[in-house]
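What follows is a short report on a single structure.
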Amino acid sequence: MKAAKLTEIIGADFYTGVPDSQLKALCDYLMDTYGISSRHHIIAANEGNCAALAAGYHLATGKVPVVYLQNSGEGNIINPLASLLNEKVYGLPVIFIVGWRGEPGRHDEPQHIYQGEVTLKLLEDMNLKTFVIGKETSEDELTAVMSEYRGILSSGRSVAFVVRRGAISFDREITYRNNNTVVREEVIRHVVKAAGEDPIISTTGKASRELFEIRTGNGQGHQCDFLTVGSMGHSSSIALGVALHKPQARVWCIDGDGAVLMHMGAMAVMGAVKPENVIHIVINNGAHESVGGMPTVMAQIDLIGIAKACGYPNAVSVSRLEELDSALEACKKRKELSFLEVKCAVGAREDLGRPTTTALENKENFMRYLESL
């Protein structure tokens, strides 16, 4: 189904969400039509943020908004669904469009398998009437469902569409880019060299995939690295937990701008605790690249100012590899919490692979390595 036809049948004029690869056609259509930050479309920090934005829209207009998300973000909407939107509280109706990663019977990455199994159950447990959109779903069928949904929405309840892979299309190819020249994979290569045998916790998405391939290309093992294949926004907290209980080790965190934005409160905790053995690196391309490159607001944000306000004693930003090497050496020499933003381009290798070890193998190898420190 064409993204334009989907939005026409739904009939809403406000969309907010966190991009998803299975909803890329819808995201591209919304970006092409409205941009990132307008009265009609906002890419938000996290899915709970989206639900609250949607609530505000309904309060101001009386109309029904749409929140789109990957199913991995269902956990972030449970609280506002139960304590804000629910008809037993404020009765604020929202249409959720959920990309179904890890759908049973389809191969997917390990972080999506269990989430995919419980996707429909979670929505149903939250009292959301749910309809699955596949490639075979006709416009007439969706129109009939939407007609039923309008009655449900009018009673203050929310509803959901769950979208299978390839079910939505958009004819235009949207390319996302910025003016930065440094490539993320090269940044990670320099970090690996600087870190030596120190443990590294890397964020979900292409950063972890690139770290894995760099180790393989170097002929190194993977025991030093914890690849956070899911749990977007939580890598720095994992790093903090490791650092506090392995004070003799210097711990590196390779983070992304979208991940930091999703749970920015983690920076406040990190800055308050001030572990002397953490180097927090945020590779900022201003994009949700791993799900299609749709922009975040982080290209417009003073991330260094935020880090300093959160209590990081050292925070610098670089945009060239020469600056990066100098900053990495400075981080290694000081015995203080350090924050390093690296501004980089949008893009990755076409042939970028995925880790060949399982998540459980990664955990076990990493824990054994930490025991040896």
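Note that the coordinates shown come from a computational prediction; the quantities given were computed from them, not determined experimentally. In this chain, numbering begins with 1 at the start of the sequence shown.
- No donor-acceptor contact under 3.5 angstrom links the side chains of Gln115 and Asn71, judged on distance only.
- No single ILVMFWY cluster, assembled from side-chain heavy atoms under 4.5 Å apart, contains both Val18 and Trp100.
- In terms of heavy-atom proximity, Ala44 sits nearest to Cys50 at CB-SG, 3.5 Å.
- Taking hydrophobic clusters as Ile, Leu, Val, Met, Phe, Trp and Tyr residues chained together by side-chain heavy-atom distances below 4.5 Å, Val278 does not share a cluster with Ile200.
- Under the side-chain hydrogen bond (donor to acceptor under 3.5 Å, both in side chains) criterion, Ser319 pairs with no residue, sequence neighbours left out.
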Please determine whether side chain to side chain contact (heavy atoms under 4.5 Å, CB included) holds for the pair Lys2 and Glu139, giving the CA-CA distance in whole Å, both sets of side-chain angles, and the decisive distance to 0.1 Å. CA-CA 10 Å; Lys2 302 291 186 185; Glu139 294 176 8; 5.9 Å; no

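- In this structure, Arg349 pairs ionically with Glu213, as a charged nitrogen and a carboxylate oxygen lie closer than 4.0 Å.
- Partners of Glu173 according to the salt bridge (charged side-chain N to carboxylate O under 4.0 Å, His left out) rule, which considers only residues two or more places apart in sequence or in another chain, do not exist here.
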Does Glu87 form a side chain to side chain donor-acceptor pair (under 3.5 Å) with Asn127? I'd like the steps, not just the answer. CA-CA 10 Å; Glu87 66 271 19; Asn127 200 28; 2.9 Å; yes

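- A donor and an acceptor atom, one from each side chain of Ser338 and Arg334, are located under 3.5 Å apart.
- Taking CZ of Arg189 as the reference point, atom CD of Glu185 lies at 5.5 Å (rounded to 0.5 Å).
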Would you check, one step at a time, whether the test side chain to side chain donor-acceptor pair (under 3.5 Å) holds for Tyr90 with His58? CA-CA 11 Å; Tyr90 291 108; His58 178 76; over 6 Å; no

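- Of all the heavy atoms in Ser317 and Glu341, the pair that sits closest is OG-OE1, 2.8 Å.
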Please assess Val89 against Leu84 for the test side chain to side chain contact (heavy atoms under 4.5 Å, CB included), listing each intermediate value before the final yes or no. CA-CA 6 Å; Val89 189; Leu84 175 67; 5.9 Å; no

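- Between Asn49 and Asn46, the closest heavy-atom pair is N-OD1, 2.8 Å.
- Ring geometry for Phe14 versus Tyr57: interplanar angle under 30°, hence parallel rather than tilted (30 to 60°).
- With rounding to the nearest 0.5 angstrom, the OG1 atom of Thr204 is 9.5 Å from the CD atom of Glu109.
- Using modelled atom types and a 3.5 Å distance limit, the side chains of Asn362 and His222 yield no donor-acceptor pair.
- Atom CD of Glu117 sits in a crowded spot, with more than 12 heavy atoms from other residues, nucleotides or ligands closer than 6.0 Å.
- When atom types are taken as modelled, the side chain of Ser208 and the backbone of Gly205 share no donor-acceptor pair closer than 3.5 angstrom.
- Contact annotation: the side chain of Ile168 approaches that of Val163 to within less than 4.5 Å [non-hydrogen atoms, C-beta and beyond].
- With hydrogens and angles ignored, the 3.5 Å screen pairs a side-chain donor or acceptor of Gln248 with a backbone N or O of Leu373.
- Checking Asp171 against Tyr29 by side-chain atom types alone, no donor-acceptor pair falls below 3.5 Å.
- Under 4.0 Å is where a charged nitrogen must lie from a carboxylate oxygen, and between Asp13 and Arg39 no such pair does.
- Remark: side-chain polar atoms of Glu361 are paired, donor with acceptor, to backbone N or O of Thr358 under 3.5 angstrom.
- Between Tyr15 and Tyr34, the ring center distance fails the sub-6.0 Å criterion.
- No donor-acceptor distance shorter than 3.5 angstrom exists from the side chain of Ser326 to the backbone of Glu323, with no hydrogens or angles considered.
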Gln223 vs Glu364, test: side chain to side chain contact (heavy atoms under 4.5 Å, CB included). Steps then yes/no. CA-CA 9 Å; Gln223 70 278 359; Glu364 291 164 357; over 6 Å; no

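- Summarising the geometry of Ala167 relative to Ile133, their closest heavy-atom pair is CB-O, 3.5 Å, with the distance given to 0.1 Å.
- With Gln70 as the fixed residue, the side chain to side chain contact (heavy atoms under 4.5 Å, CB included) test singles out one of Val98, Leu23, Asp20: Asp20.
- Every residue was checked against the salt bridge (charged side-chain N to carboxylate O under 4.0 Å, His left out) condition with Lys246, not counting sequence neighbours, and none meets it.
- Between Ile281 and Val342 there is a side-chain heavy-atom pair separated by less than 4.5 Å.
- Using a cut-off of 4.0 Å between Lys/Arg side-chain N and Asp/Glu carboxylate O, Lys121 and Glu124 are scored as not salt-bridged.
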Stepwise side chain to side chain donor-acceptor pair (under 3.5 Å) test for Arg368 and Asn365: CA-CA 5 Å; Arg368 278 196 295 269; Asn365 291 336; 2.4 Å; yes

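- Of all heavy-atom pairs between Gly48 and Pro80, the closest is CA-CG, 4.1 Å.
- Aromatic ring pairs are classed by plane angle as parallel below 30°, tilted from 30° to 60° and perpendicular above 60°; the pair Phe161 and Tyr149 is tilted.
- Residues Asp225 and Phe366 are not in side-chain contact: their nearest non-hydrogen atoms beyond the backbone lie 4.5 Å or more apart.
- A distance-only check finds a donor-acceptor pair linking the side chain of Glu289 to the backbone of Gly347 [under 3.5 Å].
- Minimum interatomic distance between Pro275 and Leu337 (heavy atoms only, all atoms of both residues): O-CB, 3.2 Å.
- No side-chain donor-acceptor contact under 3.5 Å links Ser231 to the backbone of His234.
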Kindly determine whether Asp257 and Thr296 satisfy side chain to side chain donor-acceptor pair (under 3.5 Å), including the steps that lead there. CA-CA 8 Å; Asp257 58 289; Thr296 71; 2.8 Å; yes

